[in-house]
Amino acid sequence: MKPVKVGVVGCGNISHIYFTNLKTYPELELVAAADIDLERAKMRAEEFGLAKAYTVEQLMADPEIEIVVNLTFPKAHANVCLQALEAGKHVYVEKPLAVTREEGKRVLELAAEKGLRVASAPETFLGGGIQTCRKLIDDGAIGQPISISGFMMGGGPEGWHPDPEFFYEIGGGPMFDMGPYYLTAYITLLGPIRRVTGSAVIPYPERVITSEKKHGKVMKVETPTHIAGVIDFESGAVGTLITSFDTKAGTSLPNIEVHGSAGSLLVPDPNTFGGTVKLRRLGGEWEEIALTHGSTDNNRGIGVADMARAIREGGEHRANGAMAYHVLEAMHGFHDASRDGKHYEMESTCLRPAPMPALEETPAS
């Protein structure tokens with residue numbers, strides 16, 4: 001198929017892996033880099049051999065570019081997505097889709113008006129780890145899924161990230177930072193969510209940056225940093241999800257476990273593409289399961305390639321805007337439920353994304 005031409009907006013910390021990978025997919029032709037800081041865009045363009053380094057406005061005006069990959073800070077996600085859509089371009093955005101539900105709705109509404117596509121990270125669910133788990137569930141390896149539990153427990157990013165302030169602003173926190181990985185994996189495995197509830201707290205109203213660039217700077221914490229959520233799925237399964245920046249001494253909890261009527265499944269870290277999958281059937285022991293799907297490295301950009309295939313060939317792309325909005329609404333739902341002391345009933349829904357093709361079986365020798 002004819003490659004789809006791509007421009008990247010946002011040349012910060014996470015952009016390097018995207019630039020690296022976007023150049024490797026045959027479905028894509030990476031042609032331009034843009035940033036609010038033109039010098040930073042020029043640096044990335046030179047690093048990756050691109051002829052075009054733009055301001056954001058210049059990239060939007062380039063008629064050749066069909067997909068804008070939006071790697072800006074979360075507060076700018078919706079605005080840049082709307083700019084791209086107004087310019088007639090499909091858009092792939094880093095997680096979360098937007099900061100507010102209102103912004104997320106507007107992005108999807110404008111895309112529908114324009115006949116354009118929206119895709120959103122995380123795309124890690126397209127990797128071999130989560131896809132292998134999905135296949136096991138779909139094949140009946142654990143029987144009827146009954147429950148899912150996930151734990152993202154850490155001490156916060158201020159010890160390693162050069163500019164960690166946005167993690168503690170509205171639209172940040174562990175739920176909005178890491179919740180999309182977990183909730184997207186949950187939906188991939190068990191389908192859409194019916195309602196949520198939870199408790200959310202701010203144990204430390206101030207945090208001190210200990211990474212080198214801004215060492216010693218004190219940050220105000222504007223968003224909850226420990227959220228314990230409960231999920232009712234449309235399928236009848238029940239889930240729990242705890243995300244925390246306050247587990248300073250470490251944890252021994254798993255990433256994700258799924259329990260069913262005939263067995264249990266250990267799911268790898270949803271912030272990775274590969275990982276170890278373990279299955280325990282009734283009466284048996286834990287056994288490691290060989291991955292049935294590929295894409296097990298740091299394959300960021302695979303969601304952009306999947307959308308490009310859908311643009312050229314038709315059909316729905318997997319990391320689609322409807323699922324990203326469903327995740328965004330659920331994350332807000334945990335916070336709303338904590339504030340209001342009741343369940344939050346979901347207004348949106350989505351489909352489970354189509355499974356990725358499995359690896360071909362090795363021919364018998």
Side-chain angles (χ1 to χ4, degrees), residues 1-10 15 18 21-22 25-36 52 54-123 125-126 180 184 187 300-329 347-354:
M1 75 179 213
K2 180 183 177 182
V4 178
K5 293 189 176 182
V6 175
V8 175
V9 174
S15 68
Y18 274 98
N21 290 351
L22 291 173
Y25 291 104
E27 299 90 347
L28 305 173
E29 182 182 352
L30 179 60
V31 298
D35 196 277
I36 193 170
K52 299 175 179 179
Y54 284 149
T55 65
V56 177
E57 292 73 19
Q58 288 170 335
L59 184 142
M60 298 301 179
D62 187 332
E64 284 193 331
I65 294 171
E66 296 175 75
I67 295 177
V68 170
V69 176
N70 177 3
L71 305 181
T72 56
F73 284 128
K75 281 187 174 181
H77 280 183
N79 183 53
V80 173
C81 286
L82 292 170
Q83 283 184 265
L85 294 167
E86 288 287 4
K89 304 180 189 307
H90 309 281
V91 65
Y92 178 96
V93 59
E94 246 303 319
K95 51 78 188 170
L97 172 67
V99 170
T100 69
R101 282 162 286 195
E102 293 73 21
E103 289 175 337
K105 284 180 181 178
R106 180 61 189 140
V107 169
L108 297 189
E109 288 168 355
L110 183 59
E113 290 171 15
K114 298 280 189 179
L116 296 167
R117 294 175 183 259
V118 174
S120 177
E123 58 203 330
F125 75 97
L126 300 175
T184 302
I187 292 165
R300 280 172 169 79
I302 189 173
V304 186
D306 183 65
M307 181 166 68
R309 280 194 296 272
I311 290 169
R312 289 288 187 258
E313 300 173 0
E316 184 60 87
H317 55 285
R318 293 173 174 86
N320 59 74
M323 182 168 64
Y325 180 80
H326 195 56
V327 167
L328 177 66
E329 186 187 5
E347 296 180 359
S348 70
T349 190
C350 66
L351 299 175
R352 288 176 81 198

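Every value quoted in this text rests on a predicted model; they were computed, and no experiment measured them.
- A search for side-chain hydrogen bond (donor to acceptor under 3.5 Å, both in side chains) contacts involving Ser15 returns Arg44, not counting sequence neighbours.
- Contacts classified as ring-ring contact (aromatic ring centres under 6.0 Å, His included) and involving residues 56-79 (residues at least two apart or in different chains) are given here: Phe73-Phe166.
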Verdict with supporting geometry, Tyr18 and Leu71, side-chain contact (heavy atoms from CB on, under 4.5 Å): CA-CA 9 Å; Tyr18 274 98; Leu71 305 181; 3.8 Å; yes

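- By the side chain to side chain contact (heavy atoms under 4.5 Å, CB included) test, Ala119 is found to be paired with Tyr92, Met307, His317, residues two or more places apart in sequence or in another chain being considered.
- Across every non-hydrogen atom of Ser120 and Pro96, the tightest pair is OG-C, 4.5 Å.
- Applying the side chain to side chain contact (heavy atoms under 4.5 Å, CB included) criterion to Val56, with sequence neighbours excluded, gives Val9, Met60, Gln83.
- Applying the salt bridge (Lys or Arg N to Asp or Glu O under 4.0 Å) definition to pairs two or more places apart or across chains, those involving residues 79-96 are Glu86-Lys114, Lys95-Asp177.
- Leu59 and Ala32 make their closest contact through CD1-CB, 4.1 Å (heavy atoms, listed as atom of the first residue, atom of the second, distance).
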Verdict with reasoning, Thr72 to Asn79, per side-chain contact (heavy atoms from CB on, under 4.5 Å): CA-CA 10 Å; Thr72 56; Asn79 183 53; over 6 Å; no

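- Partners of Arg318 according to the salt bridge (Lys or Arg N to Asp or Glu O under 4.0 Å) rule, which considers only residues two or more places apart in sequence or in another chain, are Asp306.
- Partners of Asp35 according to the salt bridge (Lys or Arg N to Asp or Glu O under 4.0 Å) rule, which considers only residues two or more places apart in sequence or in another chain, are Arg40.
- Expressed to the nearest 0.5 Å, how far CG of Asn320 lies from SG of Cys350 amounts to 7.0 Å.
- The two residues Val327 and Pro180 make their nearest non-hydrogen contact at CG1-CA, 3.8 Å.
- Listed by chain and number, the residues in a salt bridge (Lys or Arg N to Asp or Glu O under 4.0 Å) with Glu103 amount to none (sequence neighbours excluded).
- With sequence neighbours left out, the side-chain hydrogen bond (donor to acceptor under 3.5 Å, both in side chains) criterion links His90 to no other residue.
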Considering only distance and modelled atom types, tabulate donor-acceptor pairs under 3.5 Å from the side chains of residues 104-113, sequence neighbours left out.
{"unit_1": "Arg106", "atom_1": "NH1", "unit_2": "Glu113", "atom_2": "OE2", "d": "3.4"}

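- Residue pairs meeting the salt bridge (Lys or Arg N to Asp or Glu O under 4.0 Å) criterion with at least one partner in residues 61-82, sequence neighbours excluded, are Lys5-Glu64, Lys52-Asp62, Lys52-Glu64, Glu66-Arg312, Lys75-Glu169.
- Looking at every heavy atom in both residues, Leu28 comes nearest to Gly301 through CD1-O, 4.4 Å.
- In this structure, the side-chain hydrogen bond (donor to acceptor under 3.5 Å, both in side chains) partners of Thr349, at least two apart in sequence or on a different chain, are Glu234.
- In this structure, the separation between CD1 on Ile65 and CD on Glu29 is 10.5 Å, given to the nearest 0.5 Å.
- Looking at every heavy atom in both residues, Leu116 comes nearest to Leu85 through CD1-O, 3.5 Å.
- Of all heavy-atom pairs between Val93 and Cys81, the closest is CB-SG, 3.7 Å.
- Under a 3.5 Å cut-off, the side chain of Glu329 and the backbone N or O of Glu347 do form a donor-acceptor pair.
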Candidate pair Tyr25 and Leu30, rule side-chain contact (heavy atoms from CB on, under 4.5 Å), full reasoning: CA-CA 9 Å; Tyr25 291 104; Leu30 179 60; over 6 Å; no

